[in-house]
**Q** 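Provided herewith is a single structure, encoded as structure tokens, for subsequent inquiry.
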Amino acid sequence: MAKMFGRKAGTEELETFYPIKPECVADIPKSRFKPRAGKTLSGRRWHAAFSEEGRLDMAKVLRRIQRGGIHPSIKGLVWEFLLGCYDPNSTFDERNELRQQRRERYGMWKTECQNMVSVIGTGDFITTPIITDEGQPIEVEGCRVTSAVSDKKVAQWMLSLHQIGLDVVRTDRTLVFYEDKANQSKLWDVLAIYSWLDDDIGYVQGMNDICSPMIILLENDADAFWCFERAMRRLRENFRCNTTSMGVQSQLGTLSQVIKTVDPQLHKHLEDLDGGEYLFAFRMLMVLFRREFSFIDALYLWEVMWAMEYNPNIFWSYEQTDEDQDSNSERLDQKMLKQYGKFQRKNMEKGHGDKNNALAVFLVAGVLETKNKQILKEAKGLDDVVSILGDVTGHLDAKKACKDALKLQDKYLKKQTKRP
């Protein structure tokens, strides 16, 4: 995995890192992202960004990612910093110590789960229920539940495990990587353990799409778990659904406000079609465009988004208590401002630090803008809007989508500033 791209390298070479099953090649969206020598963050540039003690020049790394993404040989390592697993100002020794502590914690949680459901950590997983709705054990080959389950949290978790398994089987099934059942099992383990720890939301379909790239990029399952856990810090509320509301509703509300501000005519047309709540954009926000792009392009889009949204305080905001965060929330150092990603820097300068004001919202707004004329002319109902947006699958350019999103952010912030 150490080789770098030459100047003429293209998508074909990139796809050697994430090989597609031959029978699936014709059925998947063609990847548009091509690594660029001098723009894409290479292994050489990455290693050169560290001081002798291991402190990372994050501003330099962000500029490179925002220009051309990340080389796949270092993608997982860089994602750990983008998602806040590690502090760029820490040393090699400090990070190694923290990584070991986290691996030990994950191992403890894995053992705890394995004591309840024996198949966890064995290289196998389940796709059929192991208890009834009443908590009575169901005999499943390779998985042992020894007695009736009365604890509500345990029962709720066990009832979700076969659904996780069914979703794992469907996850990125075009990739050669998941032909190996051990890799599917690793994905299942991480999702099962995460859902045990987060008993408030638990497992929701779509989390598998977020977790899968971490499993592919990070060989150690504990490292993959922590990368996923950090990603979920950003996305967790998107998955909170109940009978009265859905998790992405706050972001859909922001999307509505953005379109109303930058394109009132389109917003009014959508309102006339009873689409003013923008529910048709639910999936795009829920799983960050995984279905609209090829696997390669989705990874590129994510890392550029995370680089643009990067906050230099992200690591400490996850490590500190709420009280600690409150005491630091008002401080905005101008020198520190240069360490922010370009999208987040603009938000902070304009006082728009709300997490619902995410780049993903402006990406969806950008997609709507590209389909503006077609929606105004052809959409007579919400089904037409859904159909028009469905046509973008496999036809979006991730780099152009990010540029369009930044332009819309500029337009939105300027109009917001002019308001009395």
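Values below: all heavy atoms of this structure, side chains included; hydrogens, waters and symmetry mates excluded.
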**Q** Is the backbone N or O of W157 less than 3.5 Å from a side-chain atom of S160, with the two atoms forming a donor-acceptor pair by type?
**A** yes
**Q** Assert yes or no for the condition that the ring centre distance of F92 to F50 is strictly below 6.0 Å.
**A** yes
**Q** For the pair S118 (side chain) and R144 (backbone), establish whether a donor and an acceptor sit closer than 3.5 Å, ignoring hydrogens and angles.
**A** yes
**Q** Under 4.0 Å between a side-chain nitrogen and a carboxylate oxygen: does that hold for K411 and D263?
**A** no
**Q** Under 3.5 Å, side chain of R103 to main-chain N/O of A222, donor-acceptor pair present?
**A** no
**Q** Under the 6.0 Å and 45° cation-pi test, does K153 pair with W196?
**A** yes
**Q** Given the rule in the ring-ring contact (aromatic ring centres under 6.0 Å, His included) test, do Y194 and F228 qualify, once you have shown the distances and angles that lead to the verdict?
**A** CA-CA 9 Å; Y194 177 84; F228 173 63; 5.0 Å; yes
**Q** With the side chain counted from C-beta on, respond yes when Q344 and N347 share a heavy-atom pair under 4.5 Å apart, and no when they do not.
**A** yes
**Q** Please answer whether the main-chain N or O of K380 pairs with a side-chain N or O of D384 as donor and acceptor at a distance below 3.5 Å.
**A** yes
**Q** Contact between R45 and S42 at the side-chain level, heavy atoms closer than 4.5 Å - yes or no?
**A** yes
**Q** Would you please indicate if the ring centroids of Y18 and F177 are separated by under 6.0 Å?
**A** no
**Q** Could you tell me whether the side chain of T261 and the main chain of Q257 form a donor-acceptor pair under 3.5 Å?
**A** yes
**Q** Does R64 pair with E303 as a salt bridge, N-O distance under 4.0 Å?
**A** no
**Q** Do R283 and E292 meet the salt-bridge criterion of a basic N to acidic O distance under 4.0 Å?
**A** yes
**Q** Do the ring centers of F362 and Y412 come within less than 6.0 Å of each other?
**A** yes
**Q** Is the distance between the ring centroids of W226 and W109 under 6.0 Å?
**A** yes
**Q** Does NZ or CZ of R233 fall inside the cone over Y318's six-membered ring, less than 6.0 Å from its centre and within 45° of the axis?
**A** yes
**Q** Say whether, by atom type as modelled, one donor and one acceptor occur between the side chain of H395 and the main chain of T393 under 3.5 angstrom.
**A** yes
**Q** Working to the nearest 0.5 Å, report the span between CE of M284 and CG of L288.
**A** 12.0 Å
**Q** Would the distance check show the side chain of R36 and the main-chain N or O of G68 forming a donor-acceptor pair, the cut-off being under 3.5 Å?
**A** no
**Q** Check whether any side-chain heavy atom of W79 lies under 4.5 Å from a side-chain heavy atom of W306, and answer yes or no.
**A** yes
**Q** How about CD on E94, more than 12 heavy atoms from neighbouring residues, nucleotides or ligands closer than 6.0 Å, or not?
**A** yes
**Q** In terms of side-chain geometry, is the basic nitrogen of D223 or R102 positioned less than 4.0 Å from the acidic oxygen of its partner?
**A** no
**Q** Ring centroids only, cut at 6.0 angstrom: are F280 and Y278 within range, meaning strictly under it?
**A** yes
**Q** Evaluate whether atom CD of E277 has more than 12 neighbouring non-hydrogen atoms of other residues, nucleotides or ligands under 6.0 angstrom away.
**A** no
**Q** If you take the centroid of each ring, where Trp contributes its six-membered ring, are F17 and H71 closer together than 6.0 Å?
**A** yes
**Q** Any donor-acceptor pair under 3.5 Å linking the side chain of S31 with the backbone of F33?
**A** no
**Q** Could you tell me whether E237 and R240 make a salt bridge, using a distance below 4.0 angstrom between a side-chain N and a carboxylate O?
**A** yes
**Q** Pick one: which of I65, L217, V61 meets side-chain contact (heavy atoms from CB on, under 4.5 Å) with I70?
**A** I65
**Q** Kindly give the heavy-atom pair with the smallest separation between A365 and I259, and that separation in Å.
**A** CB-CD1, 3.8 Å
**Q** Does the side chain of Q184 come under 3.5 Å of the side chain of D180 through a donor N or O and an acceptor N or O?
**A** no
**Q** Could you tell me whether K186 and D189 make a salt bridge, using a distance below 4.0 angstrom between a side-chain N and a carboxylate O?
**A** no
**Q** Taking R95 first and then D87, would you say they form a salt bridge - that is, a charged N and a carboxylate O separated by under 4.0 Å?
**A** no
**Q** Quick one: are L83 and M214 in side-chain contact, heavy atoms under 4.5 Å?
**A** yes
**Q** Below 6.0 angstrom between ring centroids: does that apply to F81 and W46?
**A** yes
**Q** Does D172 reach the main-chain N or O of L175 with its side chain, forming a donor-acceptor pair under 3.5 Å?
**A** no
**Q** Between R234 and E309, does at least one N-O distance fall below 4.0 Å, as a salt bridge requires?
**A** yes
**Q** Is there a side-chain contact between L273 and H269, using heavy atoms and a 4.5 Å cut-off?
**A** yes
**Q** Is there a side-chain contact between V304 and K399 in this structure, where contact means two heavy atoms from C-beta onward sitting under 4.5 Å apart?
**A** no
**Q** Taking 4.0 angstrom as the limit, do K371 and D391 come out as a salt bridge?
**A** no
**Q** Please check if the side chain of N208 supplies one atom and the backbone of V168 the other of a donor-acceptor pair under 3.5 Å.
**A** no
